[in-house]
Every structure is written in structure tokens, then in C-alpha cells.
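Below: one structure, written as C-alpha cells.
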Amino acid sequence: MQTLKITGAEALMRSLVAEGVDTLFGYPGGAIMPAYDALYNHKHDLNHILVRHEQGAVHAAQGYARVSGRVGCAIVTSGPGATNTVTGVADAMIDSTPIVVICGQVGASLLGTDAFQEVDVVGMTQPISKWNYQIRRAEDVAWAVSRAFFIARSGRPGPVVLDFAKNAQTELTDYEPAHVDFIRSYVPKPQLDMEAVRTAAQMINAAQRPFVLVGQGVELASATEELRALLEKAQLPAGCTLLGLSALPTAHPLNMGMLGMHGNLGPNVMTNQCDVLIAIGMRFDDRVTGNLKTYARQAKVIHFDIDPSEINKIVHCDCSVLADCKEALQALLPLIEPASHQSWIDSFKPYAEREYEKVINGAIHPTEGPLLMGEVVRAISDATNQEAVLVTDVGQNQMFGCRYFQYSKPRSVVTSGGCGTMGFGLPAAIGATFGAPERMVCLFVGDGGLQMTLQELGTIMEQGAPVKIILLNNNYLGNVRQWQAMFFRHRYSFTPMLNPDYELIAKAYGIPARTITERSDLQTAINEMLSADGPFLLQCAVMEEDNVLPMTPPGADVDKMLLEV
């Protein structure tokens, strides 16, 4: 086979195209300049989105990946360009988001000399990435890129970092596309153990009070249909983790709500009353379990997960099915006997009614006082027919957003779960508009988080990215303020915020904006935002000392939720 001599930079571009990449989020600089020069000739097949900060590039790649199911890609320069990506890489690692981050690096002959803008990218990102590799020779480019994308997307997805030495970008190499789909030491998908599946089926069939915990792994495996079939066949009530919320439609009769610290009362209480707990594609995060000494001690636990490191790591399981969720559920379904657990399902209702009366009704249907975050979220969810993509930043906007937005389609929740990265929301929402251009993208963000990546309004301006930005402005770092109110005797230590004129800032970027302070203006403002052709910023002046409830206090039993403070 005849090969073609090209530069390593050109080999990178051709390799990205071969991997199906259509969008790159990035920021140029000295050490990655040869790659950008090669990119100049690939404008027809690689859409490059110039962000305003390298952290924004990685979060945008995350947003793209989360809604599309494809690998997101970011490209940056060396030194500070590379270090600015670290937060996004760590965020993607803990939330199992498939991205490839390509960082420029000084030439191989200068490595280890403290050259200008040289940092140890491999050493820095090794603990927070699924794999990383330093490309020192042009001849290694095609192999490294194919391997990177294979590792990022396969098994439990995650971030991969390529450190691309400048000399490897400029050297010539005989190029031919590489296709890596096997690595001897890497087993992305464990072989399904049918004996474990049969044991799980027997336990589920014998259960009187079964309860399913639905995690993001269901969506990552594209197993939402199999999940519904399982729940409906055996009439299994289910609760969803923060990242797994859209794996099951909100309105599904077997969906009992959100798990965790700010989840719904019924699912949390019933976790400690079920007799068989069935965890599918979730990792028993501390925000879900609360006090481990009392968590589901009465239940036999079945854990379906693709990652062997998660089995028995936090919660001991009586049966583990180590497999891809889709493959495992497909094998499980024929072994499940049709059942009805109506009395058990009905036992969730008093808790749902109590929560609605004590918390939800007042949060989404207030009749007086200032605007509330919950009512804004629910009103926008209703106005979009529960079909939009929810993107949030981190804080009270995140918890109110995830609690009161409703979902009818998979891959509808983009939020920073395990890392809790403030500043995630705005760039992630930009990425989501490129990953799912046919869908409405609604970003809920607080005044604190918005200012952390505010510069990405410039990316929205340049690209016309149709992000609907809903700023829930309470003039506080709201989540920290809530904890200070509840656990630190209302000592508001550096949580009040003096805010700029966000509407004026938006207009400076050419983004239409409106600010509302009165409930009577809410619906009109929402209609104006949703009918706008392109981006829009809707600032809602909300109650300053609103609290997210229910809440399981840190370290408390998962079923000891506070409904009022």
C-alpha cells in the first residue's frame, strides 16, 4: 500500500477526521501553532470553535459529548494552555465523559529543560485521565490518536490527554490511517457472566419490595429502552441519580424521583425499606448514600456496572454483574418473571404527597413574595414541553434545576456531578448546542458560577450559539450561604456578592437580554426568550435566602431528610 509523506500536524487532522470528529473546541498558541496551521486547510471537515479560555474548551467538549454520545475534542497550547484544561479533565474523569484533549508541547529536544511554556502534562494529568501519552515522533500520530479515541469511548468512558511535542507536529512521516480496536492490557467490556445474571434474576423475582437505582451508566450504554422494559415487566419502582435523571422519563409511573442529598423524599426513605436494591450503572456516591453505616442495611444489593473498581468499593453487594448495562439488561430480561408490586409502589405515595405539600407546591406555585428558583425552572420546563436539554452550573441553580426540570428524552441533563465545578455551565451549554443542534438548550446558572466563565459569552457572540441562559440571581453564593445558614449559625462569611449589570454585559456581546423582578412578568419573558432566534439571557431576580429542600444533612442517614429549616 502506497503511503503519503505529510507533517505530523497534518496527520493529526486526518486522523481526527478518520475518527469521525466534526467539531473541535480550542485556543491556539505557540506550541500548537503547526497543528493550527494544518487545521487551516481542514475548515471544510473540521469545525473549530474558538473559545475564550482553555477551561471553556474542555467543558464545551464535555457538553458536546454528553448530549451527542460521541467523543468531544479540545485542542490547546502548552504551559498555561495545558494547565487551564486540568479542571475539565478531572471533571470528565469522575463523570465518565468521553473527551480527547490535545495539548501542544515544546520540542522533544527541550523536554526537561524548563523551556518556555513547558509543563509536565503527562505527570500532571495521569491521575485524572483514563490514559495519556506524549507524542514525540510524527510517525506515532495516527496510532496515538486512534488509540486515544478508542480508550475514551470504550468501556467506562473518560478523558484522554495527548501531549503533542512541537517537533512531532513539523516532522514528515509516511501517513496511513490507523485503527485501534484492541489493546492487550485493556479490557473495556468484561465478559458477561450468565451465572451472575441468573442469580440477579432469582433475587429480583423473589423480591417483595424491590427498588432500582438508575445511574448515568444506563445512558452511556444506550440502554434506556432495556431499562424501561425491565421496570415495566416486573413493576419495579426506580429512583435516578443526578446524572441519570433523564434515563427514565420524569412522567413514567415507575419513576419515583431523584436520589440523594437534595433528592425526593420517597426514594431516599424507601432505600432503607426495600428488601432488594438493584443498582444499575451508578457508583454509590456519598451524596446518594449519606451515612454508610445505616445505608440499605436491610436489603440484598445487586450491582450492575462495567467498571470492576466500583464493585464493593463503597457498598457491599450480594450479587455483582460486571458488564455493559445494555448487554446485561438484555440478558436479564428473559429471566425476569412478570410481577406486580402495587402495594409496595403505593407505599411511595404518602412520601410524595408529604413532600409536595411541604416543599414542592410552594416552590413551583408561590402566590406571593419574590420570585423563586423552583417556579422559574418549572415554568421553563413546561414551556419547552419537557423536551429541552437542561444544562446547569453548580450550586442552588443546579439542585433547583435538576429537581424541577422534567425530562422526556435521554441525554437531557448536562451538569457537573462528581467534581461540582462552578463555571462548568456556560461553556458546557455552548458545547451542547453543537452536539445536539436540533434541540433547545436551557442553561440555569447562578451569579457566582456565571462570573467564573463569563468570557465565553464571546464564544456565543461569535458562533451565534443558541443558548438560552437563565440567570438565577440571588446576590449570594447560594449553596454555601444555605449551609452557613443551617450549620454555621447564619454567619455569612464572604458569600454575599456585589454583582455587575448582567443585562448590560450581555448586550455588549450582542446577546438579547431581559431582567425580571416580578412574577407577573415571568411567562411573557419566557416566551420572549424561547422565541428569540439565537442566544438570550433572562435574568431573574430571585429570593435571596431561598433554600433547596428536602435535604439530607452531611453524614446523616439517607432517610433522615429535612423538609423545612
Side-chain angles (χ1 to χ4, degrees), residues 6-78 81-82 84-85 88-89 92 97-105 121 125 129 132-133 135 141-142 144-153 157 159-164 166 168-169 177 426-437 453 455-456 458-460 462-465:
I6 58 175
T7 66
E10 176 65 21
L12 170 66
M13 299 305 149
R14 297 189 184 196
S15 298
L16 292 175
V17 172
E19 290 297 328
V21 175
D22 58 13
T23 305
L24 291 168
F25 303 92
Y27 204 94
I32 198 67
M33 206 173 295
Y36 267 85
D37 187 62
L39 180 60
Y40 191 84
N41 294 324
H42 284 268
K43 294 178 181 179
H44 61 288
D45 47 19
L46 288 171
N47 182 27
H48 179 271
I49 308 304
L50 178 66
V51 296
R52 298 312 190 252
H53 190 282
E54 292 88 355
Q55 181 179 348
V58 184
H59 291 328
Q62 288 178 271
Y64 175 96
R66 293 272 282 273
V67 298
S68 69
R70 303 169 65 189
V71 179
C73 194
I75 181 167
V76 302
T77 194
S78 65
N84 284 343
T85 69
V89 173
T97 305
I99 60 171
V100 171
V101 179
I102 301 160
C103 301
Q105 182 56 280
V121 173
T125 61
S129 62
N132 64 13
Y133 182 75
I135 305 174
V141 171
V145 171
S146 184
R147 184 181 172 107
F149 276 81
F150 172 61
I151 291 173
R153 70 164 67 95
V160 171
V161 178
L162 294 177
D163 191 32
F164 200 1
K166 194 170 185 179
Q169 299 175 49
L426 188 59
I430 294 170
T433 65
F434 288 95
T453 48
Q455 70 279 350
E456 298 308 330
T459 307
I460 291 177
E462 183 170 337
Q463 299 296 330

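Only a predicted model underlies this, so the values are computations on that prediction, with no experimental measurement involved.
- Put simply, the side chain of Thr77 gets close to the backbone of Ala31: a donor and an acceptor are under 3.5 Å apart.
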Do Val89 and Val101 pass the side chain to side chain contact (heavy atoms under 4.5 Å, CB included) test, and can you show the C-alpha distance, the side-chain angles, and the key distance before you say yes or no? CA-CA 8 Å; Val89 173; Val101 179; 4.1 Å; yes
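- Between Cys103 and Ala82, the shortest heavy-atom contact is SG-CB, 3.9 Å.
- Residues Glu456 and Thr453 have side chains that never bring a donor and an acceptor to within less than 3.5 angstrom of each other.
- Under a 3.5 Å cut-off, the side chain of Ser146 and the backbone N or O of Ala142 do not form any donor-acceptor pair.
- Residues Asn132 and Leu162 fail the side-chain proximity criterion, which asks for heavy atoms closer than 4.5 Å.
- For the atom pair OG1 (Thr85) and CD1 (Ile99), the distance works out to 8.0 Å, reported to the nearest 0.5 Å.
- Counting only heavy atoms from C-beta outward, the side chains of Val145 and Leu16 approach each other to under 4.5 Å.
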Go through Arg70 and Glu19 one step at a time and tell me if the salt bridge (Lys or Arg N to Asp or Glu O under 4.0 Å) criterion holds. CA-CA 10 Å; Arg70 303 169 65 189; Glu19 290 297 328; over 6 Å; no
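- No side-chain donor from either of Thr23 and Asn47 sits under 3.5 Å from a side-chain acceptor of the other.
- Nearest approach of Ile75 to Ala35, heavy atoms of both residues: CD1-CB, 4.3 Å.
- The line from CG of Leu39 to CE of Met33 is 13.0 Å long, rounded to the nearest 0.5 Å.
- Enclosure of atom OH in Tyr133 by more than 12 non-hydrogen atoms of other residues, nucleotides or ligands within 6.0 angstrom is indicated.
- Nearest heavy atom pair, residue Gly56 against residue Pro427, reads O-CB, 3.5 Å.
- Side-chain contact between Phe150 and Val160 is absent, with no heavy atoms from C-beta onward closer than 4.5 Å.
- In this structure, Ile430 and Ala465 approach most closely via the heavy-atom pair CG2-CB, 4.4 Å.
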Verify side chain to side chain contact (heavy atoms under 4.5 Å, CB included) between Asp163 and Ile135, making sure each step is shown before the conclusion. CA-CA 6 Å; Asp163 191 32; Ile135 305 174; over 6 Å; no
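- Counting heavy atoms from C-beta on, the side chains of Thr7 and Gln169 never come closer than 4.5 Å.
- The nearest pair of heavy atoms linking Phe25 to Val51 is CB-CG1, 4.4 Å.
- In plain terms, the two heavy atoms of Ala152 and Pro98 that are nearest each other are O-CB, 3.3 Å.
- Taking the six-membered ring for Trp, Tyr36 and His48 have ring centres closer than 6.0 Å.
- Residues Gln55 and Asn84 bring no donor and acceptor atom of their side chains to less than 3.5 Å of each other.
- Side-chain contact between Val141 and Phe164 is present, with at least one heavy-atom pair separated by less than 4.5 Å.
- Taking 4.5 Å as the limit, some side-chain heavy atom of Cys73 sits within range of a side-chain heavy atom of Phe149.
- Taking the charged nitrogens against the carboxylate oxygens, Arg52 and Glu462 do have a contact shorter than 4.0 Å, which makes a salt bridge.
- Under the 4.5 Å side-chain criterion, counting only non-hydrogen atoms from C-beta, Leu12 is in contact with Ile102.
- At least one side-chain heavy atom of Glu54 sits less than 4.5 Å from a side-chain heavy atom of Tyr27.
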